[in-house]
Every structure is written in C-alpha cells, then in structure tokens.
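Below you'll find the structure, written out as structure tokens, and then a few comments.
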Amino acid sequence: MDDTTRRVADLLQFMGQLLEIRGEDAFKIRAYYRAADQISRLAQPISGMSEADLLGIAGIGKHITRKIQEIIANGTFRELEEVRQGIPATLLELLNLEGVGPKTVSKLWQQMGIVTIEDLEKAARSHRLRALRGFGERKEQDILKSIEMYRQKGTRMNRLEADRIVARVASALKDAPFDTAGSYRRGVSTVGDIDITTTATAAVINPRLRAIADEIIDEGEKRTSFRCQGQRVDIRFTKPAEYGTMLLYLTGSKEFNIHLREIALSRGMKLNEYGIEERRGGVLRTFETEEAVFAFLGMTPVPPELRENRGEIERAFIHNLPPLIERADIQGDLHVHSDWSDGQMSLEELARRGEQAGYRYLLCSDHSATLGVAHGLSAERVKGQGKEIERINRTSSCTILTGIEVDIMADGNLGLPNTVLGDLDLVIASIHSGFKQERDVLTRRLLKAMENDHVDIIGHPTGRLLGERPPYDVDLGRVLDVAADTHTALEINASPYRLDLDDGPVRQARDRGIRLAIGTDAHDPAELTHMIYGVTIARRGWCGPADILNTRELRDLLGATT
DNA sequence: GCCGTTTTCGGCCCGACTGTTTTCAGTCG
C-alpha cells in the first residue's frame, strides 16, 4: 500500500478511536472503522481515485469521501484535528490492554486524570481504582495483569507455532470430535489466538483443559477461554444439530460474518451461531454442517480461506467462486537449498525426498557467491553442481532442476554473470542485503532484476520475517507492473517464518495475470513439508491451479519460463 | 456516518462471560 492510502486508512481508524473515547454513537464509530478497513484493502492508490470511485466503495459515503479528499490534500482533516485537541494522545494506548475498552478509558481519564499506562498502574497498585463506580478489588488485579501481559507483548503466532498449540489442545481433547476455526482455519499467515469448536460437553472437556492451561481466563458451559503455552485458546461447546452455524460463526472473519448476517437480515432472517430464524417469531432452523447453511442461503459453500468479505459472498450467491488450487495440484517445489550452499540436504537426498513427496521436479536454488554467509556458489561451482545434478537425474523420477537463488546486489546487479545464469533451468533473484535503502532505490533494484531475461522468479519479494523484520520499503505497485510486462513470476515463499508474498499482494498479482511460484525455501528435509502453507496463501489470494507455475508438468514449466 | 426489493428515516450482527451489580454495563470475539 502506498503512503497516502496508508495514511487515509490510519487517520480514519484514529478518528474512530477518538470518537469511542468521547462516547459518541457506536454506529458512527463503526462507520469510520469500516471505511478504514475498506481503504486498507484497496488494490490501487487512493489518490488516483475519483469522487465517484470513492462513493462506489461500500461503507464510504458523502461525508467520509470529503474527509478522504481533505487528507489527500492536507495530510489530515479538520474534524479530526478538532476532536484530537481535547484528548491526550496517550489515552489510545490504554485501549490495547485486555479488558479495557473505550468506556473504561474515558472514565479513568475524566474521573481520575489517568492518561498513561504508568498512571493506571500506580492507581491500581495504590488501590485508588476501586473508588470508581463499577470497579472493585478484582478489577484492579485484572488491570495489573493486563498491563503485565501488554508489556510482554504477546505477538501473533506463525503457522508453525499455531500448529503446535492445536496439537497440544487436540491431545487434551483426546477422542472428542472438534474442528479448528478462526484465523487458523482461514489460513491467515499469522494467528492471534486459537479457536476451536467441539460437540463434546463443557462438563467433560473443562477439567481436561485445566490440565494443559497456563491459566483459565474464563470458563463456562458454552465457552471456555484459557492460555496455553502463552497463547489464548477459545473453545465453544456445541450441540451436533447446531454445529454448522457454530463453525461458520467461529471461523469468521468478523467482516464476513457481519456481511452475511446483514444479507440474511435483509431477507427477513436472523443468523447467529445457533441457526437461522425468521425475524418475525419464526422457529429456529438448525444446521449440522456449514454446507447445509450455505445451501439454505442459496450460496455455493465458501472455502474458509476466502471468508474475508472481499467479494466472495457476492460470488457465492451467483455460484461463481474461483476454482482454488489444492495441495495435490503441486508438481514440484520451486525453491530448495542443498548442502552446496547453506542447506543440509545432499543432491541425492533432494532427489529422494522429491520422489517421496510425489514431486515431478525440485528446483535446486542455492545462494550465489556474493552472499558470504551462505557459502554461495561461484560460477565454477555452479557448473560442477550442474554435472552432479545431471548424473543424479538419470536415476531419479523426480527431476532436479538446475537453478540458483542469485543475489540482487545493492546496485541492482546480479551476483552472477548472465553467461552463467543462461545455462540454468530456472533463476530466482532475491534481495538479501541493503534492506534499509530508500524506497525508490530498493524498488529499482527489483525492477532491474526483473528486466534481466534470465531471471524467472523474484524470491520472497518483500523480505519480511514474521514477527522479526518488517517488509522492506518497496513500491509493490511498480513491482507488479514490471512483473506483468516482463513475465517474471513472483514467489509465494512458503516458509512459515516468511509467507512472502502474503495473500493481499498475491490476489493483486493474480488479478493481473502475473504468474506465481510456490517454493518452500527448504534448508532441511522437514521444511519441505511447508509447501502446504504456501498453497494456503495462494488459496487466500484466490489462485487456481492455472495461476501457479509449479502446478505445471515439467515440459510445460520450462517452456513457460524460457 | 452509511444505506435502501418493507425504509430518504430509522435502522445498523449477535451472543457469552465477568464483575459489580440487584438488573446490567462493559468487553470481547
């Protein structure tokens, strides 16, 4: 997203938060949040959009359009500046505390003069909070605990961590039937908490959960929340007859649920986690499966990965959802390292692992020599590796493709000469250094690499490491333009530590007909199994088999990239 | 503030759980 679009979304979000603290009408607040959300997922820069374009976006009307125009022209809007005058900026941070919402913040501020987390901590420690109406000893303790949690900053889990927690909870549930839901089920690249629904009863399950919980947050007949290995887990207990609507509700996303419920409402039906009822005193109709709910509403079932209210609901009503890629469509892995650079697998092992995975091919893409730490390959060693691969391929049903993950250096030149690159089956070009360069410099490095005829794929195009390093500052719009022009594929790096590109840009690339390549970037055998994470991101980006290079047969693949 | 196949006014997704309460407000998902 470009800076201006980002700023518009941020300021509308900010306005919503300020209005919350002021205790304004909840629907007005929601309107700002909704507008901010819509803008943050725009595929194009907002500054290029006309007034009519803006008004065409659901949830953006006359007033917010004017404010957007003001932000584009002046960097802010008058009403926001007026509202923020009266409210200390530090108050917003208090909203990050679990159990502390706008009403509480407002009360703390107006009745006790509390404006920072430090103020709040002091007041709670000296037992002054309990003087407020609606506060007691328990609440003081809870607030202190929330402050501690916030300072430890529980970050979102990557998929691998989430898988571990799910496995742990599954072991406690034993034979009880259950499904994961929430962002985990939708396949989001990082997961905030684990949502689970089960038809087993609370009476049976709650005691088992206590055995694996660090802490029980709250415990009930219908829902139990607890912390497991530092992460929050929510379990909903469901009757089998109501399982379909419960799973649908718990899977979300929130925006998907709201939109679907609005549509149900407009047809005189109320949809919740227990079923669907006629709005005027009808009986509750229940559904055992999600498919049954979708069928009743007249929709094609929406795969969980698509449930983000990005147009999939409308498409499901006209039975026109895109075909999505499946794990079984994958014919090979297009990014693997061997022990010729920093990987652990020999070339023989690569071939064997590829056969075991049922792959037709694997792209051996070791680092080029410029990347000192990775024992990268010189021009000479590239040749040597090629001979070795040729030998192994004679007896392997999984063809090892010769390749390289060549460095895009600080000046945009590549780490190996064209004469070397030209002899390889496929070339990935990636940035591994100079992350802090100016946006324009970084962007031009990528563009220059794409314009090289020998470069087939751009590896981990934004360079992010989830929870560790933000994406580098590139103009993704320009990258997509040039990728389309030069027929360069962009990678969906399937490593759970990267997932780069993520679903948003994948969708944009896919909509523009840009080809995508899924690679695990495996350095050891276990990492070859990460392919599923990449496939999931592709699905979230609305990709079908035809959008992904490595669904192709070998001959087709090489034909497409020469 | 947005929006319209009951509406240009009067709705806006819906429910669980907790703490501090004597019936509910606040928060969360």
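Lettering of chains follows the sequences in order, A, B, ..., and the numbering in each one begins at 1.
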If you take any heavy atom closer than 4.0 Å to DNA chain B, which residues from [range] end up in contact?
range	result
residues 110-117 of chain A	none
residues 199-216 of chain A	none
residues 51-78 of chain A	A:Ile57, A:Ala58, A:Gly59, A:Ile60, A:Gly61, A:Lys62, A:His63, A:Ile64, A:Lys67
residues 13-34 of chain A	A:Asp25, A:Phe27, A:Lys28, A:Arg30, A:Ala31, A:Tyr32

Of the options A:Glu24, A:Gln17, A:Lys67, A:Gln13, which is the one that meets A:Tyr32 in a side chain to side chain donor-acceptor pair (under 3.5 Å)?
A:Lys67
Does A:Arg315 CZ have over 12 foreign heavy atoms under 6.0 Å away?
yes
Is the number of heavy atoms from other residues, nucleotides or ligands under 6.0 Å of A:Lys107 NZ greater than 12?
yes
Rounded to whole angstrom units, what separation is found between the [atom1] atom of [X] and the [atom2] atom of [N]?
X	N	atom1	atom2	value
A:Met269	B:dT5	CE	P	15 Å
A:Asp218	B:dG19	CG	C1'	12 Å
A:Leu265	B:dT7	CG	P	15 Å
A:Asn257	B:dC12	CG	C1'	16 Å
A:Tyr274	B:dC14	OH	P	14 Å
A:Lys107	B:dG19	NZ	P	16 Å
A:Ile235	B:dA16	CD1	C1'	15 Å
A:Leu94	B:dG26	CG	C1'	16 Å

Just checking, any donor-acceptor pair under 3.5 angstrom between side chains of [X] and [Y]?
X	Y	value
A:Asp521	A:Ser495	no
A:Tyr150	A:Glu93	yes
A:Tyr184	A:Asp193	no

With rounding to whole Å, what would you report as the distance between [N] and [M] at their [atom1] atoms?
N	M	atom1	value
B:dC12	B:dC17	P	24 Å
B:dT21	B:dA25	P	13 Å
B:dC24	B:dT20	C1'	9 Å
B:dT18	B:dC13	C1'	22 Å
B:dC2	B:dT8	C1'	12 Å
B:dT5	B:dG1	P	23 Å
B:dG15	B:dT22	C1'	23 Å

Please enumerate all residues that pass side chain to side chain donor-acceptor pair (under 3.5 Å) together with [X], with sequence neighbours excluded.
X	result
A:Arg540	A:Glu308, A:Asp503
A:Glu290	A:Arg185, A:Arg307
A:Thr529	none

Residues two or more places apart in sequence or in another chain: which of them pass side-chain contact (heavy atoms from CB on, under 4.5 Å) with A:Glu312?
A:Phe256, A:Val302, A:Leu306, A:Asn309, A:Arg310, A:Leu321, A:Trp542
Check side-chain contact (heavy atoms from CB on, under 4.5 Å) between A:Ile532 and all other residues, then give those that pass, not counting sequence neighbours.
A:Arg327, A:Thr536
Can you find a pair of side-chain heavy atoms, one from A:His63 and one from A:Glu79, that are under 4.5 Å apart?
no
How is A:Glu255 classified with respect to the nucleic acid when contacts are heavy atoms under 4.0 Å: base, sugar-phosphate, or nothing?
nothing
Pick base, sugar-phosphate or nothing for A:Leu271, based on heavy-atom distances below 4.0 Å to the nucleic acid.
sugar-phosphate
Identify which nucleotide among B:dC14, B:dT20, B:dA16 has an atom closest to any side-chain atom of A:Asn272, counting heavy atoms from C-beta outward.
B:dC14
Assign B:dT21 to syn or anti; the rule is syn for a glycosidic angle within 90° of 0 and anti otherwise.
anti
Trace of the side-chain contact (heavy atoms from CB on, under 4.5 Å) decision for A:Ile60 with A:Ile39
CA-CA 9 Å; A:Ile60 296 183; A:Ile39 286 162; 3.9 Å; yes
Tell me every residue that passes ring pair (Phe, Tyr, Trp, His ring centres under 6.0 Å) with A:Tyr533, counting only those two or more places apart in sequence or in another chain.
A:His530
Could you pull out the protein-nucleic contacts involving nucleotides 27-29 of chain B (nitrogen or oxygen on both sides, under 3.5 Å)?
from   : atom 1 : to       : atom 2 : distance (Å)
B:dT27 : OP1    : A:Gly101 : N      : 2.7
B:dT27 : OP1    : A:Gly101 : O      : 3.0
B:dT27 : OP1    : A:Thr104 : N      : 2.9
B:dT27 : OP1    : A:Thr104 : OG1    : 2.2
B:dT27 : OP2    : A:Lys103 : N      : 3.2
B:dT27 : O5'    : A:Gly101 : N      : 3.4
B:dC28 : OP1    : A:Gly99  : N      : 2.5
B:dG29 : N2     : A:Tyr249 : OH     : 3.3

Upstream residue (5' side of DNA chain B) when A:Glu262 and A:Glu137 are each assigned their closest nucleotide:
A:Glu262
Name the atoms and distances for all side-chain donor-acceptor pairs under 3.5 Å in residues 194-202 of chain A, with sequence neighbours left out.
from     : atom 1 : to       : atom 2 : distance (Å)
A:Thr197 : OG1    : A:Arg236 : O      : 3.3
A:Thr197 : OG1    : A:Thr238 : OG1    : 2.8
A:Thr198 : OG1    : A:Pro177 : O      : 2.6
A:Thr198 : OG1    : A:Ala200 : N      : 3.0
A:Thr201 : OG1    : A:Val204 : N      : 3.4

To check you understand the geometry: which heavy-atom pair defines the closest contact between A:Leu55 and A:Lys62, and what is its length?
CD2-N, 3.7 Å
Does B:dC9 have a Watson-Crick or wobble partner in any strand here, with both distances under 3.5 angstrom, and which is it?
B:dG4
Is A:Glu491 salt-bridged to A:Arg498, going by a charged N under 4.0 Å from an acidic O?
no
